[in-house]
Amino acid sequence: LQMVDAVPMVQSLVDGGVITSDTAAVIVHLGTNGTFSAETLDALLAPLSIVPNVLLYTIRADRSWTATNNALLRARDRPGDNIVLIDWAQRAAECSDNCFAGDGIHLNANGKIFYANLARDWTGV
């Protein structure tokens, strides 16, 4: 899924009342499959301003656009908003239980638990 494709999906979920101010958290982990612009990222995050915690994960992949996408994601980490940056590019190295599939991107069962626990650490959910 490309981030640009997720923008109308997120807006639809907010408009339809699926994502509300009562939603504990939303995880956004996009950018592995291609580039995106700061404007696209802002358009994705704008309807999520009603959610108390938006966990914005950086990407970890051997792709030409990884550094650029991660710079855009890290730049969106601003004090006082509802966005929490989870630096997956760095934190994934803490997963010591053989956490990745052969492609080095997708998670196996151990990796999924580690990933979920990172979110749980911030949200308590």
Side-chain angles (χ1 to χ4, degrees):
L1 179 68
Q2 297 285 338
M3 189 173 298
V4 70
D5 299 322
V7 172
M9 293 170 61
V10 168
Q11 186 65 57
S12 177
L13 291 170
V14 171
D15 291 346
V18 176
I19 295 175
T20 69
S21 60
D22 293 328
T23 303
V26 171
I27 294 174
V28 175
H29 194 174
L30 296 166
T32 303
N33 293 333
T35 61
F36 59 86
S37 67
E39 294 78 18
T40 299
L41 178 58
D42 287 344
L44 179 81
L45 295 173
L48 296 176
S49 65
I50 62 170
V51 177
N53 296 291
V54 175
L55 305 182
L56 186 61
Y57 280 67
T58 62
I59 62 171
R60 176 189 180 274
D62 185 16
R63 303 284 189 265
S64 63
W65 54 82
T66 298
T68 302
N69 284 359
N70 281 343
L72 288 169
L73 294 166
R74 289 179 181 123
R76 197 55 183 80
D77 186 23
R78 301 175 185 145
D81 63 14
N82 65 329
I83 297 169
V84 175
L85 182 78
I86 306 291
D87 202 332
W88 183 244
Q90 293 182 358
R91 301 292 306 268
E94 298 171 20
C95 188
S96 59
D97 294 328
N98 186 26
C99 296
F100 294 92
D103 64 5
I105 296 171
H106 294 93
L107 299 172
N108 63 23
N110 292 332
K112 290 174 185 177
I113 292 168
F114 179 81
Y115 185 97
N117 285 335
L118 285 176
R120 188 174 293 113
D121 289 347
W122 280 101
T123 65
V125 189

Is [X] linked to [Y] within one hydrophobic cluster, defined over Ile, Leu, Val, Met, Phe, Trp and Tyr using a side-chain heavy-atom separation of less than 4.5 Å?
{"X": "Leu41", "Y": "Val26", "answer": "yes"}
{"X": "Val4", "Y": "Phe36", "answer": "no"}
{"X": "Leu1", "Y": "Leu13", "answer": "yes"}

Could you tell me whether a side-chain N or O of [X] sits under 3.5 Å from a main-chain N or O of [Y], the two making a donor and an acceptor?
{"X": "Asp97", "Y": "Asn110", "value": "no"}
{"X": "Trp65", "Y": "Thr32", "value": "yes"}
{"X": "Asn53", "Y": "Thr123", "value": "no"}
{"X": "Thr66", "Y": "Arg63", "value": "yes"}

* Residue list, side chain to side chain contact (heavy atoms under 4.5 Å, CB included) with Ile83, at least two apart or on another chain ->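 Partners of Ile83 by the side chain to side chain contact (heavy atoms under 4.5 Å, CB included) criterion, ordered by chain and then number, come out as Leu45, Val54, Leu56, Arg76, Asp81.
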* What's in the same ILVMFWY side-chain cluster as Trp88, cut-off under 4.5 Å, chained through other members? ->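 Ile27, Leu55, Tyr57, Val84, Ile86, Phe100, Leu107, Phe114, Tyr115, Leu118, Trp122, which link up through side-chain heavy atoms under 4.5 Å apart, make up the rest of the cluster.
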pair [X]-[Y]: side-chain heavy atoms closer than 4.5 Å:
{"X": "Val7", "Y": "Thr40", "result": "yes"}
{"X": "Leu30", "Y": "Gln2", "result": "no"}
{"X": "Val28", "Y": "Leu48", "result": "yes"}

Nearest-0.5 Å distance that lies between atom [atom1] in [X] and atom [atom2] in [Y]:
{"X": "Arg78", "Y": "Leu85", "atom1": "CZ", "atom2": "CG", "result": "12.0 Å"}
{"X": "Ile50", "Y": "Ile19", "atom1": "CD1", "atom2": "CD1", "result": "7.5 Å"}
{"X": "Ser37", "Y": "Leu72", "atom1": "OG", "atom2": "CG", "result": "8.0 Å"}
{"X": "Thr58", "Y": "Arg91", "atom1": "OG1", "atom2": "CZ", "result": "10.5 Å"}
{"X": "Met9", "Y": "Met3", "atom1": "CE", "atom2": "CE", "result": "12.5 Å"}

Taking all non-hydrogen atoms of both residues, which atom of [X] and which atom of [Y] are closest, and how far apart?
{"X": "Cys95", "Y": "Gly111", "result": "SG-CA, 4.1 Å"}
{"X": "Ala61", "Y": "Ile105", "result": "CB-CD1, 3.8 Å"}
{"X": "Gly31", "Y": "Asn69", "result": "O-ND2, 2.8 Å"}
{"X": "Ala89", "Y": "Arg60", "result": "CA-CB, 4.1 Å"}

* To do: Write out all pairs satisfying salt bridge (charged side-chain N to carboxylate O under 4.0 Å, His left out) with one or both partners inside residues 64-75, taking only residues at least two apart or from two chains.
  =>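 Qualifying pairs, neighbours excluded: Arg74-Asp87.
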* Would you find more than 12 non-hydrogen atoms of other residues, nucleotides or ligands less than 6.0 Å from Asp103 atom CG? ->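 Check passes, neighbour count above 12.
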